[in-house]
Protein chains: 2
Amino acid sequence: MAIEAPKTKRGETSRAVILSAALDLFQERGYEATTMRAIADRAGVSLGSSYHYFPSKEHLVLEFYRHTHELHAAAIAPLLSREKDLATRLRGTVRAVVVTCEPFHAVAGSIFSTVANPSSPLNPFGGAAKPLRDDVVELYGQVVNGSDARIPADIAEMLPLTLWLYQMGILYFWIFDRSPGRLRTLEVIDETTDLIVRLVGLANLPVLRGSRKRVLGLMKSIVEG
Amino acid sequence: MAIEAPKTKRGETSRAVILSAALDLFQERGYEATTMRAIADRAGVSLGSSYHYFPSKEHLVLEFYRHTHELHAAAIAPLLSREKDLATRLRGTVRAVVVTCEPFHAVAGSIFSTVANPSSPLNPFGGAAKPLRDDVVELYGQVVNGSDARIPADIAEMLPLTLWLYQMGILYFWIFDRSPGRLRTLEVIDETTDLIVRLVGLANLPVLRGSRKRVLGLMKSIVEG
DNA sequence: CGGTTAATTTGAACATGTTCAAGTTAGAGC
DNA sequence: GCTCTAACTTGAACATGTTCAAATTAACCG
């Protein structure tokens, strides 16, 4: 069940070559059309060897996700160090997600369903995927905290997690998007990120105070439970 | 790909007995632990015969969903004909969802992931599952329209679909819920349904008018696109 | 009843994710 | 350099979803 870490130079090489072959094939043929045998073949190792390093096909997807996350983080680094406006930071960040993932659009559907499975080790709400999720949430923490927006403390606390969830929603929309250049998704991102920033601003209104406390309290209790 | 409808008395019987065996086994052992061979065995037919009536194992799940939907609709009928308060109607309806689904809690996880797969015929956002989805949305239409709440027309138009989506979120939460008697989910339902009704009421405030128009416009354009 | 056709049924065959016991390799300790 | 152990590698075997061509059944027509 646990991911085997190579203890040897040879092991490291094998693991790397298997992973690389898997990433290539996932992009070429999609997740389901890529067989474990094809991965082993292209990596030049035996079928059993693949399973020595990756307990299941799903675990290879987890690495795939980490890979795209790193691409994404690198892509938005300049924006985050230059820009101070929250709406712009958020829009740029989420746009970068779908741009980064674009090469994998065809694969994304089946991967998403694998990830959504609560009993999968990849499920982002628990288990093996926790470190990666924490990284992504932390990234949205930077988006929020590096901006010049003045955000109430109780909102600022929950916002990164909320944005991570929001990003998953966008990705799910994007998977279905058949518009040329995925323009539809980009439009939705522009509109929703702007709306989010607007609503965060409105949350200080006296009439909304009660509901805001309740929403945040509920979210907090869910996260902690 | 299309679901084969039996053209014969014998065919109807076979289809029914296969489906019944599948529903039983899903409950007994869960979705993944139930093999097509086991279903065929219990139904007293051959493996190939099962595939004559259900193009895939997933299609059997679709029937499973229809089954629970009918249980649910029956369970809330008295409430809907008696009660006029929107919050009460909504709370009762969503509570009834998780109560109805409780016997299938162990199965729900893998089913959910199957359903979430965009390329699955079961995906509620398109294809084979559309009739069932329409039924559920229609049911939330009754919940809203049968209440004495005065709701602006633009909100009333999108509310049933939104509530259907909300129900899916609750079900996903419920899947993870390990609390005794699934009390945690019931608490969340009580809190969120109340919040929803509250926020619908607040949406008429002048300060929220702009955001409300934008949110509804966005939702509408997504649904139509 | 005999024949013809469509529906139904069957089980073998296939593809693929996964397991595992046995074989091979490499490096540490002497 | 030899030995021993842990790491690594292998390929056969297994389980299960799915396909398919052939066999069987039922029903309708004359």
Side-chain angles (χ1 to χ4, degrees), chain A residues 1-19 21-22 25-26 28-64 107 110-111 113-115 117 119-122, chain B residues 1-19 21-22 25-26 29-64 107 110-111 113-114 117 119-122:
Chain A
M1 193 68 78
I3 298 174
E4 297 290 331
K7 322 244 158 141
T8 302
K9 207 79 185 177
R10 182 166 68 139
E12 272 170 40
T13 308
S14 292
R15 185 182 192 281
V17 82
I18 291 166
L19 180 55
L25 286 170
F26 285 161
E28 280 176 33
R29 313 181 185 173
Y31 174 70
E32 271 148 15
T34 299
T35 70
M36 291 298 285
R37 283 165 182 80
I39 293 172
D41 272 1
R42 176 162 310 192
V45 303
S46 73
L47 182 59
S49 215
S50 302
Y51 278 93
H52 183 70
Y53 295 103
F54 302 94
S56 77
K57 196 178 172 188
E58 290 183 346
H59 281 82
L60 280 162
V61 177
L62 187 56
E63 299 292 327
F64 185 82
V107 205
S110 44
I111 290 183
S113 94
T114 302
V115 167
N117 192 333
S119 60
S120 163
L122 274 67
Chain B
M1 192 69 79
I3 299 175
E4 297 290 332
K7 320 243 158 145
T8 302
K9 206 81 184 175
R10 182 166 68 138
E12 272 169 40
T13 309
S14 292
R15 186 181 191 281
V17 81
I18 291 166
L19 180 56
L25 285 170
F26 285 160
R29 313 181 185 173
Y31 175 69
E32 271 146 17
T34 299
T35 70
M36 290 300 284
R37 284 167 181 77
I39 293 172
D41 272 1
R42 175 160 313 188
V45 302
S46 74
L47 182 57
S49 214
S50 302
Y51 279 93
H52 182 70
Y53 295 102
F54 302 94
S56 78
K57 195 178 171 186
E58 291 182 346
H59 281 81
L60 280 162
V61 176
L62 186 55
E63 300 292 327
F64 185 81
V107 204
S110 43
I111 289 184
S113 95
T114 302
N117 192 334
S119 60
S120 162
L122 275 66

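Throughout, protein chains are lettered first and strands after them, A, B, ... in sequence-line order, and every chain is numbered starting at 1. What's counted below: heavy atoms across the whole structure, side chains too, no hydrogens, waters or symmetry copies.
- Note on A:T34: only backbone sugar-phosphate atoms sit closer than 4.0 angstrom, heavy atoms only; bases stay farther off.
- Distances shorter than 4.0 Å separate none of the side-chain N or O atoms of A:S46 from OP1 or OP2 on D:dT9.
- As rounded to whole Å, 8 Å separates atom P of C:dT25 from atom CZ of A:R10.
- Contact detail for A:E28 and A:R42: the closest heavy-atom pair is OE2-NH1, 2.8 Å.
- Distances shown here put a side-chain N or O of A:S14 below 4.0 Å from the OP1 or OP2 atom of D:dT9.
- Put simply, OH on A:Y51 is 13 Å from C1' on D:dA15, counting in whole angstrom units.
- For A:Y53, a side-chain nitrogen or oxygen approaches OP1 or OP2 of D:dT9 to under 4.0 Å.
- Atom pair B:K57:NZ and C:dA15:P shows a separation of 21 Å (rounding to whole Å applied).
- A sub-4.0 Å separation between OP1 or OP2 of D:dC8 and a side-chain N or O of A:T8 is present.
- Using a 4.0 Å heavy-atom distance criterion, B:G11 is classed as a sugar-phosphate-only contact.
- A:T8 places no side-chain N or O within 3.5 Å of a backbone atom of A:R10 that could act as its donor or acceptor partner.
- Summarising the geometry, the separation between CD on A:E32 and P on D:dG17 is reported as 15 Å, rounded to the nearest angstrom.
- If A:E12 and B:R37 are placed on DNA chain D by their nearest nucleotide, the residue sitting closer to the 5' end is A:E12.
- Taking only side-chain atoms of B:M36, from C-beta outward, the nucleotide of D:dG17, C:dT19, C:dT8 with the closest atom is D:dG17.
- A:H59 has its NE2 atom 13 Å from the C1' atom of C:dT18, to the nearest Å.
- For D:dC8, one of the phosphate oxygens OP1 or OP2 lies less than 4.0 angstrom from a side-chain nitrogen or oxygen of A:H52.
- Of the N and O atoms on the side chains of A:S56 and A:H59, at least one donor lies less than 3.5 Å from an acceptor on the other residue.
- Closest to the side chain of B:K7, out of C:dA7, D:dT19, C:dT10, is C:dA7.
- Within the nucleic acid shown, B:S49 comes within 4.0 Å of at least one base atom, counting heavy atoms only.
- The nearest whole Å value for the distance from the CZ atom in A:R15 to the P atom in D:dA7 is 16 Å.
- Per the geometry, CZ belonging to A:F54 stands 12 Å off P belonging to D:dC8, to the nearest Å.
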Please test A:I18 against A:E63 for side chain to side chain contact (heavy atoms under 4.5 Å, CB included), starting from the C-alpha separation and ending with a verdict. CA-CA 11 Å; A:I18 291 166; A:E63 299 292 327; over 6 Å; no
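- Taking the nucleotide of DNA chain D with the nearest heavy atom to each of A:L47 and B:K9, the more 5' of the two is matched to A:L47.
- Nearest heavy-atom pair across A:K57 and A:T34 is NZ-O, 2.8 Å.
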